[in-house]
Novice: 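Have a look at this one before I ask anything.
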Amino acid sequence: MGKDSLTITDNRTGQTIEVPIEYGTYPKYGAAIPAAALRDLKVDDEDFGMMTYDPGYGNTASCKSSVTFIDGERGILRYRGYPIEQLAEHCDYLEVAYLLLNGELPTQSSLDIWGASIREHQMLHESVKTYLDGFNYDSHTMGMLVGALGALSTFYPDARDIADEEAVELHTCRLIGKVATIAAFGYRHSRGLPYIYPDADLSYTANMMQMLFGSPGKPYKPNPTLERALEVLFILHADHEQNCSASTMRGIGSGHADPYSAMAGAAAALYGPLHGGANEAVLKMLTRIGSVDNVPGYIEQVKKKEVLLQGFGHRVYKSYDPRATIIKKTAYEVFEITGKNPLIDIALELERIALEDDYFVSRNLYPNVDFYSGIIYQAMGLPVDMYPVLFAIPRTSGWLAQWRELLSDSEQRIARPRQVYMGEDERDVALRENR
Ligand code: ACO
């Protein structure tokens, strides 16, 4: 192998620069040059210097990270080096959250301590309940979550001290504990149901289920298969490296905002249908298609670019999303308990046709994590506007892991991209009567 550098010649001037290549753990996916080095390429002293143009950051590494690894060509996803398939099979969500945040899987005793500190923080300040009461009955639950996360920052002003490691740990536990309660209260509010308070004796997911489906004064016993399915779904959604919402979390965090404000921004980014709102969009699409007979017609509309095949495609995965494989299997386990969701037949037919069709094959479009998750949530009796919220709950641990990594990274600076200015050159203001 030759030298670890690039030699770049500027054909405008004949200037040549040599730029070092930096490698990550996997050179094939982690070779990058420092973008700032290009600034040495100038046509004259006045010139600002060369930049790269990369809308949507399709080929720009914004950080060095040790949290999550994705090989999009081979459909590989690992948290801290552990394959997602093994984590989904052997772990529960809080164990995986601990892994993301601390880099190692917990021992039983550290898991017990960690779980207890999350449970201790599940309760909401009564004023947060009053805040949620202010939302209209038909407010989208994701909008309620975004609003309530932002509001939480006003309850914990010490969270603004992001240099205090103890405070960072405390607010990490608070956020993971409280996000599920806010989500459940939002759901109960939109249904006009009384709030069910968190139960510290239950697992994270069993507690989530009792807050959603329980009745006041009646003990709630979740079905173990459904509880396990929710654990698996939460593990699969916990992190996905530098996606739109994680980058938003890091972007807001880079301005040194408190984690509640940063997370409100991350949740807002997740809300969009191209990101975490896709599970809701998939369900609406499947309902609109209505029957297997209508699938070929819908595929034709997609190919004419009139509509999107929701839940298909991914910026990084260019083969099957490994999370979708696990979710599809989980769906059948859930149907054993709930009965089959008839929308699964439409989803399977869409997938079958799409995976044989050149439009999708040539563009590497495969089902992503959101294609099957909504079908499971619907079978469990949850309304569509809860699906992005159920994505945000476990993603909280990933957002916080990314945020904490940012705080400890001495190379990170405030996020501030450049632009290629395409507007007018300097001109004089004409007086209003002369325009
Ligand atoms: N249906 C139909 N065509 C699609 C789809 C889709 N779902 N996704 C991409 N394409 C087409 C594009 O039109 C484009 O075609 P062209 O080459 O003829 O112009 C080509 O495939 C490449 O697509 P891009 O939009 O350039 O891909 P990008 O990486 O920018 O977008 C995204 C990725 C946003 C996920 C896109 O695939 C999409 O909109 N999918 C549907 C929404 C969705 O499921 N989002 C969830 C993603 S997973 C997550 O965030 C949790």
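Note that ligands are numbered from 1 as they come in the structure, with each ligand's atoms numbered from 1 the same way. Counting begins at 1 with the first residue of the sequence.
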Novice: Check the side chains of Lys305 and Tyr359 for a donor-acceptor pair under 3.5 angstrom, ignoring hydrogens and angles.
Specialist: yes
Novice: Would you tabulate the side-chain donor-acceptor contacts of residues 329-338 under 3.5 Å, counting partners in other chains and residues two or more places apart, or write 'none'?
Specialist:
unit_1: Thr330; atom_1: OG1; unit_2: Ile326; atom_2: O; d: 2.9
unit_1: Thr338; atom_1: OG1; unit_2: Val334; atom_2: O; d: 3.2

Novice: Ring centres under 6.0 Å, that's the criterion: do His189 and Phe135 meet it?
Specialist: no
Novice: List ligand 1's nitrogen or oxygen atoms that come under 3.5 Å of a protein nitrogen or oxygen, with the partner atom and distance.
Specialist:
unit_1: ligand 1; atom_1: 1 (N); unit_2: Leu309; atom_2: N; d: 3.0
unit_1: ligand 1; atom_1: 3 (N); unit_2: Tyr359; atom_2: OH; d: 3.0
unit_1: ligand 1; atom_1: 7 (N); unit_2: Leu309; atom_2: O; d: 2.8
unit_1: ligand 1; atom_1: 7 (N); unit_2: Phe312; atom_2: O; d: 3.0
unit_1: ligand 1; atom_1: 13 (O); unit_2: Lys305; atom_2: NZ; d: 3.0
unit_1: ligand 1; atom_1: 15 (O); unit_2: Lys305; atom_2: NZ; d: 3.0
unit_1: ligand 1; atom_1: 15 (O); unit_2: Arg363; atom_2: NE; d: 3.2
unit_1: ligand 1; atom_1: 18 (O); unit_2: Lys305; atom_2: NZ; d: 2.9
unit_1: ligand 1; atom_1: 18 (O); unit_2: Arg363; atom_2: NE; d: 3.1
unit_1: ligand 1; atom_1: 18 (O); unit_2: Arg363; atom_2: NH2; d: 2.9
unit_1: ligand 1; atom_1: 29 (O); unit_2: Arg315; atom_2: NE; d: 2.8
unit_1: ligand 1; atom_1: 30 (O); unit_2: Arg315; atom_2: NH2; d: 3.0
unit_1: ligand 1; atom_1: 40 (N); unit_2: Phe312; atom_2: O; d: 2.9
unit_1: ligand 1; atom_1: 44 (O); unit_2: Gly311; atom_2: N; d: 3.0
unit_1: ligand 1; atom_1: 44 (O); unit_2: Asn368; atom_2: ND2; d: 2.9
unit_1: ligand 1; atom_1: 45 (N); unit_2: Leu274; atom_2: O; d: 2.9
unit_1: ligand 1; atom_1: 50 (O); unit_2: His275; atom_2: ND1; d: 2.8

Novice: Any chance you could measure Ile17, atom CD1, to Leu6, atom CG, to the nearest 0.5 Å?
Specialist: 9.0 Å
Novice: Under a 4.0 Å threshold between the charged nitrogen and the carboxylate oxygen, would Glu169 count as salt-bridged to Arg404?
Specialist: yes
Novice: Give a yes-or-no answer on whether the side chains of Asn341 and Gln378 include a donor-acceptor pair shorter than 3.5 Å.
Specialist: yes
